[in-house]
There are 2 protein chains.
Amino acid sequence: MMDIQIAVIDDHDLFREGLTLVLNQVQGFQVVYDTSDGFRFLEMLDQVPIDIALMDIEMPGINGIEITEKVLSLKPDLKVIALSMFSDTGHYTQMIHAGAKGFVLKKANKFELEQAIRAVHQGGNYFSQDILQKMAFRYTNHTVGCDQLTSREIGVIALVCQGLTSQEISERLYISVKTVETHRSNIFLKAGVKNIAGLIMWAIKNQYYNI
Amino acid sequence: MMDIQIAVIDDHDLFREGLTLVLNQVQGFQVVYDTSDGFRFLEMLDQVPIDIALMDIEMPGINGIEITEKVLSLKPDLKVIALSMFSDTGHYTQMIHAGAKGFVLKKANKFELEQAIRAVHQGGNYFSQDILQKMAFRYTNHTVGCDQLTSREIGVIALVCQGLTSQEISERLYISVKTVETHRSNIFLKAGVKNIAGLIMWAIKNQYYNI
DNA sequence: CTCGTCCTCAGGGTTTCCCCCGATGTAAGA
DNA sequence: TCTTACATCGGGGGAAACCCTGAGGACGAG
């Protein structure tokens, strides 16, 4: 039986190297490629046969979501499992939309990851329990939900998170204070939060704002 | 020559296991103990001889700073190197205060960590470049800076970050709204921020609040 | 005992947030 | 063409945040 050929894309060197060693210890697994650079991974696609790609999401430069989209347009049979520090909204919906077959948290243990790889390799899916619960909550809680923010709203949310007042934002964007407040309100609705504190947590978790 | 005996304390299983494998590959290093639980580590101190402890800071329950304090009160000769995802303020000062001899970011590579371990084991220090730069900036920029928060303030800041209003906090803590506002103001002063947005970013970076 | 720190509380003020309502113009799509 | 989504702007009002000042009690260190 052929080993499952795995690639690891993660910018944290220690984590990536360690993960490689851990996976190579597992019977039937073989890490055939690992890199911290998503672009390099795209270039290597034709040179190394890969079954499963373990893809970090938060990376400088090109992020895991974009890489996944590009990879799957080139190699539709390759299976991508997303890795992330956070279990929260936005991330995984975007990753699923990009075509990822699984989603595992970095705080998972070896056995969960092994399970995920085997499930996905056999044509299934794997989403860690945290994710499933959040998704279920999303549906039952039918907040208007994960409406994407408009580009203007994304511009505003970044400034809000930086602590600028509506006044300051209006000056920065050359629009009226009232317009800023409208955007704020719409963002609050979409995020399902009720004040700045909640918004910031939401923005960070959904990668609209980075610390 | 005796191997350097290393313990790894980190709640992220994959990272910890991987790190253990990586370090065991290094000539002269041996990971003799690893755990996700700080309390368990404290109990094990007498049973396993340890030279170096690699200590994660962000952990549920007891954090790396408290563990470090307790460990060093029991075993002053043990050398603690802090591991952290973030390079930002507060963390490392608290860790240094607790007695850590080094500070390495999780995004470091194997060679940097190896260097850090050797330096600390020989009685030196090791602080990653990011940290040193921030410290230098701190001094030149002499913000009144890292006044520690009082315990009450830490309690308040967590609730503020959860999006509670002063009214709600006062009910939760059984104190007056005015008292809450006083604490808020004092926190704002110490943090050097001017509104909730800034405060939340500061609190996250300084680990007074976790996402 | 004094000093400093911390926690507590208050008055009174300005600013900002947050929410209600409504409105116009524009551009993309059915 | 009609609809929908988006961005823009406004009035008004209550709630909360924010800023300043002052002050009393507790408690530990020197």
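- The main-chain N or O of B:Gly198 is found under 3.5 Å from a side-chain atom of B:Asn195 such that the two form a donor-acceptor pair.
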- Note on the structure: Readout for nucleotides 13-30 of chain D: B = base within 4.0 Å of protein heavy atom, S = sugar-phosphate only, - = neither; 5' to 3' it is ---SSBB-----------
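- Residue B:His183 places none of its side-chain N or O atoms closer than 4.0 Å to OP1 or OP2 of C:dC9.
- For the pair A:Thr179 and D:dC9, the criterion of a side-chain N or O lying under 4.0 Å from OP1 or OP2 is met.
- A side-chain contact (heavy atoms from CB on, under 4.5 Å) with A:Leu23 is found for one member of A:Asp34, A:Ile4, A:Leu113, A:Ile52 and no other, namely A:Leu113.
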- Applying salt bridge (charged side-chain N to carboxylate O under 4.0 Å, His left out), run through B:Arg16 and B:Asp56 and close with a yes or a no. CA-CA 10 Å; B:Arg16 191 183 67 251; B:Asp56 186 24; over 6 Å; no
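- An OP1 or OP2 oxygen of C:dT5 is reached within less than 4.0 angstrom by no side-chain nitrogen or oxygen of B:Thr150.
- Between the C1' atom of C:dT8 and the CG atom of B:Asn186 lies a distance of 12 Å, rounded to the nearest Å.
- Each of B:Val177, B:Val160, B:Val156 was compared with B:Ser166 under the side-chain contact (heavy atoms from CB on, under 4.5 Å) criterion, and only B:Val177 meets it.
- Put simply, CD1 on A:Ile187 is 12 Å from P on D:dT8, counting in whole angstrom units.
- Although no hydrogens or angles enter the test, the distance criterion places a donor-acceptor pair under 3.5 Å between the side chain of B:Ser185 and the main chain of B:Glu181.
- Atoms CD1 (B:Ile175) and P (C:dC7) sit 10 Å apart, rounded to a whole Å.
- Figure legend: cation-pi geometry between B:Lys106 and A:Phe15 absent, as NZ or CZ is not positioned both under 6.0 Å from the six-membered ring centre and within 45° of its axis.
- In this structure, B:Leu173 atom CG and C:dC6 atom C1' are separated by 15 Å, rounded to whole Å.
- The interatomic distance linking A:Leu189 (CG) with C:dC19 (C1') rounds to 10 Å, in whole Å.
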